[in-house]
Amino acid sequence: MTTALEVWGDPIGHSLSPAMHTAAYALLGWDWTYGRRRVDEASFADELASLGPEHRGLSLTMPLKHVAYAAAGQHDARAALTGAANTLVRSGSGWHAFNTDAGGIVAALAEAGVVAADRARIVGAGATASAALVALSEIGVQRVWIAARRPAAAASLQDLGERLRLRVDAVPLDSTTHASVDVTIATLPGGVSVDESVADRLAAAGGALLDVVYGHWPTDLSRAWDRIGAPAQGGAGMLLHQAVLQIRAFASGGVDQPLPREDEVVAVMRRALVGD
């Protein structure tokens, strides 16, 4: 029986995950398929219940990360911290939830030469911001500013910061001044506009930029970083590395066991990501 995996979300047609996963499975010689399905929050429970035993797991994107977390009986440490899951793996007792976004961010930062930092900023206060906060804690950050259109929306991130023993302050996105930081992680959805003057102020005090957007590049923020010659990268690296962790989870039920020929797997997935 062929093993089936899918990515779910709404919208989902833009997802590059099928190309990456399919390339990896072909290299490894696994009889696995990886499709996509448009699923919203209202239909999620019924769709999940309809899956047959051939479905080993799922990748989840917006807006399903919180309902996926709630559907699982087990959660890895990063999912438990964030309350969000982008990966479900079938286990003997149900579904095991993982958050591989945080690990993907750590790996993407490392590729950009950011392996440690003390002060950081997160732009945006949505679901991905919690994964970014966990990732920053893992590279040693001690203080984080959340720049959001509605600073009150960062309350849950401040609570998470307390659990991670980080100081987290929320400030308006359009503040006239921003504290200087070593690294900025932008978590705004693709296509969201940021006024040029706001972006320029963030860039001037922002250190290196990781913008998690990969389908709407360049972004208003990346253009601001470019204007001052500061390093900026898009979300392709995060997307790649979180997918590698997903495949580890699908293969072994956890993210710590490297894949066979993992360097080759990463290379072929990277080529699929850029369409080579």
Side-chain angles (χ1 to χ4, degrees), residues 1-10 12 15 17-18 20-22 24-25 28-107 126-128 130-135 137-138 156 159-160 163-164 238-239 241-260 262 265 269:
M1 179 175 61
T2 299
T3 296
L5 301 117
E6 294 180 354
V7 58
W8 290 7
D10 184 20
I12 199 60
S15 176
S17 294
M20 287 193 298
H21 281 256
T22 299
Y25 305 159
L28 293 167
W30 294 350
D31 187 19
W32 290 12
T33 64
Y34 189 98
R36 73 181 88 210
R37 190 184 306 198
R38 185 175 180 180
V39 178
D40 60 18
E41 288 180 277
S43 61
F44 176 80
D46 287 342
E47 294 284 359
L48 190 67
S50 75
L51 295 181
E54 73 278 8
H55 281 87
R56 181 185 292 264
L58 299 170
S59 306
L60 293 312
T61 186
M62 297 301 293
L64 301 177
K65 295 181 182 182
H66 293 297
V67 292
Y69 176 90
Q74 297 174 274
H75 307 87
D76 80 335
R78 288 164 170 162
L81 282 167
T82 61
N86 70 329
T87 309
L88 289 178
V89 179
R90 192 187 292 277
S91 69
S93 57
W95 294 100
H96 191 166
F98 297 83
N99 185 313
T100 69
D101 285 335
I105 291 171
V106 171
T128 307
S130 62
L133 191 59
V134 171
S137 75
E138 292 181 11
S156 63
D159 292 341
L160 175 57
R163 285 183 280 145
L164 295 169
M238 171 192 169
L239 182 68
H241 290 293
Q242 66 81 28
V244 173
L245 294 175
Q246 285 186 332
I247 299 174
R248 286 185 180 185
F250 294 151
S252 66
V255 298
D256 296 328
Q257 179 63 44
L259 298 169
E262 185 158 307
V265 170
M269 291 175 71

request  = Taking the side chain as every heavy atom from C-beta outward, state whether Leu5 and Tyr25 have any atom pair closer than 4.5 Å.
outcome  = yes
key: pair Leu239-Met20: side-chain heavy atoms closer than 4.5 Å   = yes
Working to the nearest 0.5 angstrom, can you tell me the gap between [X] [atom1] and [Y] [atom2]?
{"X": "Leu58", "Y": "Thr87", "atom1": "CG", "atom2": "OG1", "result": "9.5 Å"}
{"X": "His66", "Y": "Leu60", "atom1": "NE2", "atom2": "CG", "result": "11.5 Å"}
{"X": "His96", "Y": "Gln74", "atom1": "NE2", "atom2": "CD", "result": "5.0 Å"}
{"X": "Phe44", "Y": "Leu64", "atom1": "CZ", "atom2": "CG", "result": "6.0 Å"}
{"X": "Trp32", "Y": "Ile247", "atom1": "CH2", "atom2": "CD1", "result": "8.0 Å"}
{"X": "Met62", "Y": "Glu41", "atom1": "CE", "atom2": "CD", "result": "8.0 Å"}

note = Given the options Arg37, Arg36, Arg56, Glu6 meets salt bridge (Lys or Arg N to Asp or Glu O under 4.0 Å) only with Arg37
Could you report the tightest heavy-atom contact between [X] and [Y], atom names first, then the distance?
{"X": "Gly9", "Y": "Thr61", "result": "CA-CG2, 3.6 Å"}
{"X": "Arg90", "Y": "His55", "result": "NE-O, 2.9 Å"}
{"X": "Arg78", "Y": "Val134", "result": "CG-CG1, 4.1 Å"}
{"X": "Ala97", "Y": "Ala72", "result": "CB-CB, 3.5 Å"}
{"X": "His75", "Y": "Ala79", "result": "CB-CB, 4.2 Å"}
{"X": "Asn86", "Y": "Asn99", "result": "OD1-CA, 3.4 Å"}

ask   = Does the side chain to side chain contact (heavy atoms under 4.5 Å, CB included) test come out yes or no for Met269 and Val244, once each step is laid out?
value = CA-CA 9 Å; Met269 291 175 71; Val244 173; 3.9 Å; yes
query = Can Leu88 and Leu48 be said to form a side chain to side chain contact (heavy atoms under 4.5 Å, CB included), step by step?
reply = CA-CA 10 Å; Leu88 289 178; Leu48 190 67; 4.3 Å; yes
ask   = After noting the C-alpha distance and the side-chain angles of Phe98 and Val89, does the key distance pass the side chain to side chain contact (heavy atoms under 4.5 Å, CB included) rule?
value = CA-CA 8 Å; Phe98 297 83; Val89 179; 3.8 Å; yes
key: Residue pair Ser43, Asp40: steps toward the side chain to side chain donor-acceptor pair (under 3.5 Å) verdict   = CA-CA 6 Å; Ser43 61; Asp40 60 18; 2.8 Å; yes
message = Using modelled atom types and a 3.5 Å cut-off, is there a donor and acceptor pairing between side-chain atoms of Thr22 and backbone atoms of Pro18?
response =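 Indeed, once roles are kept as given, a pair shorter than 3.5 Å links the two residues.
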inquiry  = Walk me through whether Lys65 and Thr82 qualify under side chain to side chain contact (heavy atoms under 4.5 Å, CB included).
reply    = CA-CA 10 Å; Lys65 295 181 182 182; Thr82 61; over 6 Å; no
ask   = Within a radius of less than 6.0 Å around CZ of Arg163, do more than 12 heavy atoms belonging to other residues, nucleotides or ligands occur?
value = yes
